Amino acid sequence: MIIRISGDGQYEVAEDVLVRLNAIDDDLEDAVESGDEDRFGIELGRLVSLVREAGMRLPDDHLGASDLILPPEDISLGELAGGLSTDGLIPDWGRPVT
């Protein structure tokens, strides 16, 4: 899976990392719903950091499409308004089916 971090570049991330990304995304959604700007910044930072740490950065000249696009980690809650789907920033891919 290819994930772009706006203003940073693209990262190839293994499918098994999606479960961890989804867990952080759930916490991010909770912060958005409660309007908690501080927690929002923390959770978005965790999300972006995990992509950077677990992913392999692709060369800047890579022209492939991104499966997901994450906002930059310095975006505010207000700036993101309307940017979340019902699944948050990370669709529920990779979630165990129950």
Side-chain angles (χ1 to χ4, degrees):
M1 166 165 291
I2 306 297
I3 300 177
R4 174 178 297 282
I5 300 171
S6 294
D8 183 15
Q10 290 180 305
Y11 293 79
E12 186 170 3
V13 178
E15 296 285 330
D16 63 319
V17 176
L18 289 176
V19 173
R20 293 168 47 204
L21 290 171
N22 274 317
I24 296 170
D25 191 45
D26 288 345
D27 293 337
L28 181 68
E29 283 182 83
D30 290 343
V32 169
E33 288 173 8
S34 68
D36 187 336
E37 183 82 39
D38 291 334
R39 184 171 173 215
F40 168 80
I42 290 167
E43 299 306 337
L44 181 57
R46 287 180 56 216
L47 194 68
V48 169
S49 291
L50 179 55
V51 170
R52 287 184 181 136
E53 291 167 13
M56 180 185 72
R57 191 168 197 303
L58 298 174
D60 289 336
D61 61 355
H62 175 78
L63 299 176
S66 299
D67 298 302
L68 291 172
I69 301 174
L70 297 179
E73 61 188 313
D74 63 350
I75 195 170
S76 72
L77 181 54
E79 292 170 319
L80 186 67
L84 290 176
S85 71
T86 56
D87 284 337
L89 291 173
I90 308 292
D92 287 334
W93 308 324
R95 266 205 213 263
V97 178
T98 54

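Heavy-atom basis, side chains included; hydrogens, waters and symmetry copies ignored. Computed from a prediction, not measured in an experiment: that's the story for all the values here.
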(Q) With rounding to the nearest 0.5 angstrom, report the CD to CE distance, Glu15 to Met1. (A) 5.0 Å

Q. So, Arg4 and Asp67, do they make that salt bridge, N to O below 4.0 Å?
A. no

Q: Rounded to the nearest 0.5 Å, what's the gap from CZ on Arg20 to CD1 on Ile24? Could you check?
A: 7.5 Å

Q | Heavy-atom closest pair, residues Pro71 and Val48 | A | O-CG2, 4.0 Å

Q: Flag the pair His62 / Gln10 as yes when at least one side-chain heavy-atom distance between them is below 4.5 Å, and no otherwise.
A: yes

Q.
Can you confirm whether Met56 sits close enough to Tyr11 that some side-chain heavy atom of one is under 4.5 Å from a side-chain heavy atom of the other?
A. no

Q) Would you say Asp8 and Arg52 make side-chain contact, with heavy atoms under 4.5 Å? A) yes

Q: Indicate, with yes or no, if Ile42 and Val51 share a hydrophobic cluster defined by side-chain heavy-atom contacts under 4.5 Å among Ile, Leu, Val, Met, Phe, Trp and Tyr.
A: no

Q: Only one of Leu68, Leu50, Leu70 passes side-chain contact (heavy atoms from CB on, under 4.5 Å) with Leu21; say which it is.
A: Leu50

Q.
If I take atom CZ from residue Arg46 and atom CD from residue Glu73, how far apart are they, to the nearest 0.5 angstrom?
A. 13.0 Å

Q.
Taking side-chain contact (heavy atoms from CB on, under 4.5 Å) as the criterion, tell me which of Leu63, Ile2, Ile3 meets it with Leu58.
A. Ile2

Q. Taking C-beta and beyond as the side chain, do Phe40 and Leu28 meet within less than 4.5 Å on heavy atoms?
A. yes

Q: Identify the two heavy atoms, one from Leu77 and one from Ala31, that lie closest to each other, and give their separation to 0.1 Å.
A: CD2-O, 4.5 Å

Q: Heavy atoms only: give me the nearest Val17-Val13 pair and the separation to one decimal.
A: CB-CG1, 3.5 Å

Q) What are the two closest heavy atoms between Ser6 and Ile69, and how far apart are they? A) OG-CG2, 3.6 Å

**Q.** Flag side-chain contact, heavy atom, 4.5 Å: Glu43 against Asp25
**A.** no

Q) Side chains of Pro72 and Ile5: does their closest heavy-atom pair fall under 4.5 Å? A) no

